[in-house]
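Worksheet: the structure to be examined is printed underneath.
For the numbers below, each heavy atom of this structure counts, side chains included, while hydrogens, waters and symmetry mates do not.
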Amino acid sequence: MPDTPGVVRRQTTDGRICLDHDWPQDARACRTLQRELADRVDTRHDTGPVATLGGVDIGFEDGGRTTRAAAVVLDATTLAVRERRLVRVPTRMPYIPGLLSFREIPGALAALEALETPPDLILVDGHGIAHPRRLGVATHLGLVTGRPTIGVAKKRLTGTHGPAPERRGAWTPLYDGETVIGAVLRSRERVKPIFISPGHRVDLDNAIAWTLQALTRYRLPETTRVADRLASGKPDF
DNA sequence: GCGACAG
DNA sequence: ATCTTGTCGC
């Protein structure tokens, strides 16, 4: 959304206009901006028809100076890969716990815009609202693009929870006090659970449902697995 | 002051 | 995230 704080329009060499960012460089200001943005998060479930699922993941090279961003599109029903895109942009921010989105969104935005067709729902590598200020990278990216997003993280950032169920597909709530901010999901038996949380325009139940839909025999959903291999430059196709 | 801390 | 050897198991 062009009117979201921190988001600005940029013109490419061929005259096209696309979204760019202009975040504060100071951590203090970034946290203030996060609290501001958190009020704009759409907590309702408002995805349109979902025919395609997107995956976004970021990797680094040159000791972190260059950011590699991958965006992929899979068929929501068959999980067949429809499109894959990889872009490189200079890294502008270091990793600071709680401020991950400011480091990764620039690349994610560039990769998404390189796609021919934007996905209907995006699964992001990282948390959604399961964040100290409710603004994880998935939520932030959803706000910036205006698209529905889900956070799929491999580790907990904040919140408390009971023991994760053993059964595949079962989950236990992730709490911030009395509020449920996500789910600790057993995506595969005998393997560490993953953390699912609403990003933007998706509620927790649907976030879990779509994650399960994108899950096969592995710990992580296919969307993030495909994006992962692309971003980390592994042997793929 | 002491731990915790997505990717 | 990245670096980085061997090892356990299907």
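Under the rule for a side-chain contact (heavy atoms from CB on, under 4.5 Å), A/Thr43 has no partner lying at least two apart in sequence or in another chain.
Atom OH in A/Tyr95 sits roughly 18 Å away from atom P in C/dC3 (whole-Å rounding). Between the CZ atom of A/Arg133 and the C1' atom of B/dA4 there is a distance of 13 Å, given to the nearest Å. Rounded to whole Å, atom P of C/dA1 lies 18 Å from atom CE of A/Met93. Between the NE2 atom of A/His131 and the C1' atom of B/dA4 there is a distance of 14 Å, given to the nearest Å. The CD1-C1' distance, from A/Ile96 to B/dA6, rounds to 13 Å in whole Å. For the pair A/Phe60 CZ and C/dT2 P, the interatomic distance rounds to 8 Å; values are reported in whole Å. Per the geometry, CD1 belonging to A/Ile105 stands 18 Å off P belonging to C/dA1, to the nearest Å. A straight line from NE2 of A/His140 to P of B/dG7 spans 18 Å, rounded to a whole angstrom.
Put simply, SG on A/Cys30 and CG on A/Leu99 are 5.5 Å apart, with the number rounded to the nearest 0.5 Å. Atom CG of A/Leu135 sits about 11.0 Å away from atom CZ of A/Arg35, to the nearest 0.5 Å.
Phosphate proximity of C/dG9 to A/Arg190: absent, as no side-chain N or O sits under 4.0 Å from OP1 or OP2. Between B/dC5 and A/Lys155, no contact under 4.0 Å exists linking OP1 or OP2 to a side-chain N or O. Phosphate proximity of B/dC5 to A/Arg156: present, with a side-chain N or O under 4.0 Å from OP1 or OP2.
For the pair A/Arg92 and A/Phe102, the cation-pi test (distance below 6.0 Å, angle within 45°) is failed.
When heavy atoms are screened at a 4.0 angstrom cut-off, A/Gly59 is found touching the sugar-phosphate backbone but no base atom. As judged by a 4.0 angstrom heavy-atom cut-off over every strand, A/Gly151 is placed among residues making no nucleic acid contact. Residue contacts shown for A/Leu99 include a base, since a base heavy atom lies under 4.0 Å away. Using a 4.0 Å heavy-atom cutoff across all strands shown, A/Arg217 reaches no nucleic acid atom at all.
Put simply, A/Leu86 and A/Val89 are part of two different groups of oily side chains (I, L, V, M, F, W, Y) that touch within less than 4.5 Å, one to the next.
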